[in-house]
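In this text, all values refer to a predicted model and were calculated from it rather than measured experimentally. Remember, it's 1-based here, ligands and their atoms both numbered in the order they're listed. In this chain, numbering begins with 1 at the start of the sequence shown. Hydrogens, waters and symmetry mates are skipped; everything else that's a heavy atom, side chains included, is used.
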Amino acid sequence: MKTLRLLWPWFVQRRRSLAGALLLAILTLAAGMGLLSVAGWFLTAAFLAGASISFDLFAPSALVRGLALLRIVFRYGERVVGHAATLDLLADIRSTVFARIMRLSPGQLAGYQGGDLVARLVGDIDALDTLFLQVIAPILTAVIMGLVFSLVLGAQVHALGWLVFGAMLIGVCVVPYLLARQARAPGSDAQRASAQARTLIHSAIAGHVDLVVFGAQAQAQERFGAAAAQLSRARDRLSAIGSMGQLAQQLASGFCVLALLYGGLQAFTAQEINGPVWVGLLLGALGLFEVLGPLMRGSARLGPAAAAAARVRAVLDEPVALADVAYPLDLPASGVIELSNLSYGYPSMAGVAVLDGIDLQIRAGERLAIVGASGCGKSTLLSLLMRVFDPTQGMVSYGGAPISQVRQAQLHTRFALLSQNSPVFLGTLRSNLLIGCPEADEAQLWRALENARLAEFVRSLENGLDTWVGESGHSLSVGQARRLCLARVLLSPAVVWLLDEPTAGLDEPAQWAFFNDLAAAAEGKTVVLATHAGFPDAAVDRVLRLGQGVLTPA
Ligand SMILES: Nc1ncnc2c1ncn2[C@@H]1O[C@H](COP(=O)(O)OP(=O)(O)OP(=O)(O)O)[C@@H](O)[C@H]1O
């Protein structure tokens with residue numbers, strides 16, 4: 001039920017195509033039942049008529065052929081429309097979940113293991129495809145056609161109508177419910193083990209070199225083997241439950257057919273029903289029970305679907321840590337950055353403040369360097385300026401507007417951050433640079449590359465800016481990847497540049513050259529830079545030292 005509640009808004013969004021698929025499923029079943037009923041009636045009537053020339057062979061045989069053809073056409077339509085609707089539905093769910101993941105804060109993202117969010121986005125959402133095609137559509141089809149058929153049969157022989165109605169009720173409600181209940185635990189184990197396996201693959205690929213260097217492949221293999229074995233055990237249990245469902249369906253329909261045969265024979269003997277009609281309805285009932293097959297398989301897969309829905313819901317229910325305020329202030333085009341009584345402590349650091357009541361003003365156009373020992377809080381300070389997270393106390397304002405009170409999208413047009421782990425994205429050098437400024441022309445791209453000391457390297461490449469750099473810039477050296485990220489920030493039209501160790505990965509001459517050029521490259525910009533590197537005095541206007549959570553002149 002919770003799974004259905006989660007999916008309901010998307011079902012409503014795709015109601016037309018889902019209703020189309022449902023209608024086609026009903027028509028397919030109706031054509032199939034009609035085909036069996038008419039064939040049964042026709043063969044029995046023809047047999048009873050013997051050589052009588054008064055029996056019309058043509059109309060019923062044309063009807064049988066017509067229904068057979070219609071059944072094929074409806075089945076085809078149902079598959080095409082149903083699968084298209086389900087794929088669209090999954091795409092809708094994926095993009096909603098992806099949008100929500102994008103709104104999570106770094107702290108919230110850190111709560112998920114690497115690869116686990118991908119597992120939620122792919123494996124878990126895939127598991128939800130069961131619900132409509134294999135559960136809801138067969139249930140509704142069976143209920144509607146079961147009711148219609150029970151009424152038709154009941155009009156002939158009351159008791160037989162009730163018999164089919166009761167059998168359908170058990171087949172559509174009771175057995176699927178029991179199967180789904182049985183499948184809940186192994187379903188949740190299967191989804192968990194599958195996500196665990198993905199996470200382990202992800203971390204083994206990311207740490208492949210270290211695993212090889214330290215000879216730790218065996219441990220990684222063992223952990224992966226354990227997750228794979230757990231997955232396979234859970235799937236075995238699920239498949240056993242699915243088989244139980246098939247057995248239950250065969251037994252129930254077999255029993256029902258026997259009861260129909262017996263009850264029908266009594267009615268025939270008592271002349272309550274005529275022979276051909278009875279045989280026709282008997283075969284029609286067999287056609288009706290066909291719908292229960294996919295329903296039993298689908299019910300057994302409801303366990304994994306429910307577990308998957310819970311995992312997807314957990315992402316959707318995460319509160320947005322950095323939501324925009326309802327009535328945001330307008331951020332001035334330029335202004336003083338002011339830190340007032342700014343404090344921050346990471347939630348995991350049990351009340352220890354990394355920054356402790358900092359007061360600071362940074363003039364528009366000023367270049368400020370923050371130095372200090374490793375771990376003193378320089379990156380944390382830049383993250384607060386960029387509003388990667390909010391301070392535990394105090395505030396940051398820009399041109400008089402507290403940055404927590406403005407739209408984050410607007411803040412990102414004014415402030416750009418080069419963090420220590422800025423990534424190179426899958427694509428070309430050009431596409432990576434254009435993230436900083438999508439409208440940048442060729443000349444701007446080269447200027448940014450020059451300033452980041454990467455232009456010479458790019459010029460030496462056969463495809464220049466269109467060189468493919470792959471995932472995480474695997475075809476670049478660490479220093480080149482860093483300079484590419486720096487060029488991206490230098491290209492950005494933001495008026496405030498926050499640069500965290502901008503020269504990491506550069507050799508000493510290149511570091512000095514970068515700092516020598518900084519004043520010209522950052523003309524008119526406000527620059528806050530955190531660095532361990534040495535730099536010429538003229539590179540910045542002011543140097544502050546961070547230590548014990550406070551800033552002092554260096
Ligand atoms: N996500 C986090 N969760 C918990 N503690 C963190 C987190 N990030 C940083 N810290 C801690 O906060 C302190 C300040 O870290 P920060 O990265 O800001 O220092 P830094 O001065 O930039 O260091 P470095 O010069 O080595 O980059 C450190 O003690 C660090 O261990």
Side-chain angles (χ1 to χ4, degrees), residues 101-117 199 203 206-207 318-322 337 339 341-360 362 367-396 403 415-424 478-479 481-483 485-486 489 496-508 511 514-515 518 526-535 539-540 542-554:
I101 290 173
M102 287 293 102
R103 297 185 68 197
L104 296 180
S105 69
Q108 287 173 307
L109 286 174
Y112 294 94
Q113 288 181 323
D116 183 58
L117 281 173
T199 305
S203 75
E318 282 249 17
V320 177
L322 293 172
I337 301 172
L339 283 62
N341 192 23
L342 192 78
S343 298
Y344 188 76
Y346 287 96
S348 60
M349 290 178 77
V352 178
V354 176
L355 304 176
D356 193 6
I358 290 182
D359 290 304
L360 173 69
I362 308 167
R367 290 189 307 283
L368 168 70
I370 296 176
V371 297
S374 176
C376 68
K378 301 182 293 297
S379 306
T380 306
L381 182 62
L382 295 191
S383 298
L384 288 170
L385 290 178
M386 192 71 205
R387 204 185 169 209
V388 175
F389 36 78
D390 283 329
T392 34
Q393 187 187 303
M395 68 169 180
V396 178
I403 61 170
F415 286 51
L417 170 70
L418 172 73
S419 71
Q420 283 190 25
N421 44 16
S422 286
V424 172
V478 175
R482 185 77 185 144
R483 278 179 272 168
C485 298
L486 174 61
V489 173
V496 180
W497 289 351
L498 308 171
L499 308 178
D500 197 354
E501 300 292 355
T503 55
L506 269 68
D507 56 20
E508 211 174 324
Q511 286 183 6
F514 170 78
F515 285 122
L518 185 63
T526 306
V527 179
V528 183
L529 99 97
T531 185
H532 287 292
F535 50 83
V540 294
R542 194 162 41 136
V543 183
L544 293 175
R545 180 168 298 281
L546 183 59
Q548 313 291 325
V550 293
L551 285 169
T552 48

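Looking at Arg387 and Val396, their side chains never come closer than 4.5 Å, going by heavy atoms from C-beta outward. By the 4.5 Å heavy-atom criterion applied to side chains, Leu551 and Leu355 are not counted as neighbours.
Near Gly377, with a cut-off below 4.0 Å to any heavy atom, the atoms of ligand 1 are 14 (C), 16 (P), 18 (O), 19 (O), 20 (P), 21 (O).
Of the protein's non-hydrogen atoms, Gln420 NE2, 2.6 Å is the one closest to atom 27 (O) of ligand 1. Nearest to atom 4 (C) of ligand 1 among the protein's heavy atoms is Ser348 OG, 3.3 Å. Of the protein's non-hydrogen atoms, the one nearest atom 26 (O) of ligand 1 is Ser374 OG, 2.6 Å. Looking at atom 22 (O) of ligand 1, its nearest protein heavy atom turns out to be Ser379 OG, 2.6 Å. For atom 3 (N) of ligand 1, the closest non-hydrogen atom on the protein side is Tyr346 CD2, 3.5 Å. At the top of the distance list for atom 14 (C) of ligand 1, counting protein heavy atoms only, stands Gly375 O, 3.4 Å.
Here the closest non-hydrogen pair linking Leu518 and Leu529 is CD2-CD2, 3.9 Å.
Remark: ligand 1 and Thr380 share an N or O pair separated by less than 3.5 Å (distance only, no angle test). By the 3.5 Å distance cut-off applied to N or O atoms, His532 is counted among the residues near ligand 1.
Between Tyr344 and Phe389, the angle of the ring planes stays under 30°, which puts this pair in the parallel group of the 30/60° scheme.
The nearest protein heavy atom to atom 31 (O) of ligand 1 is not closer than 4.0 Å.
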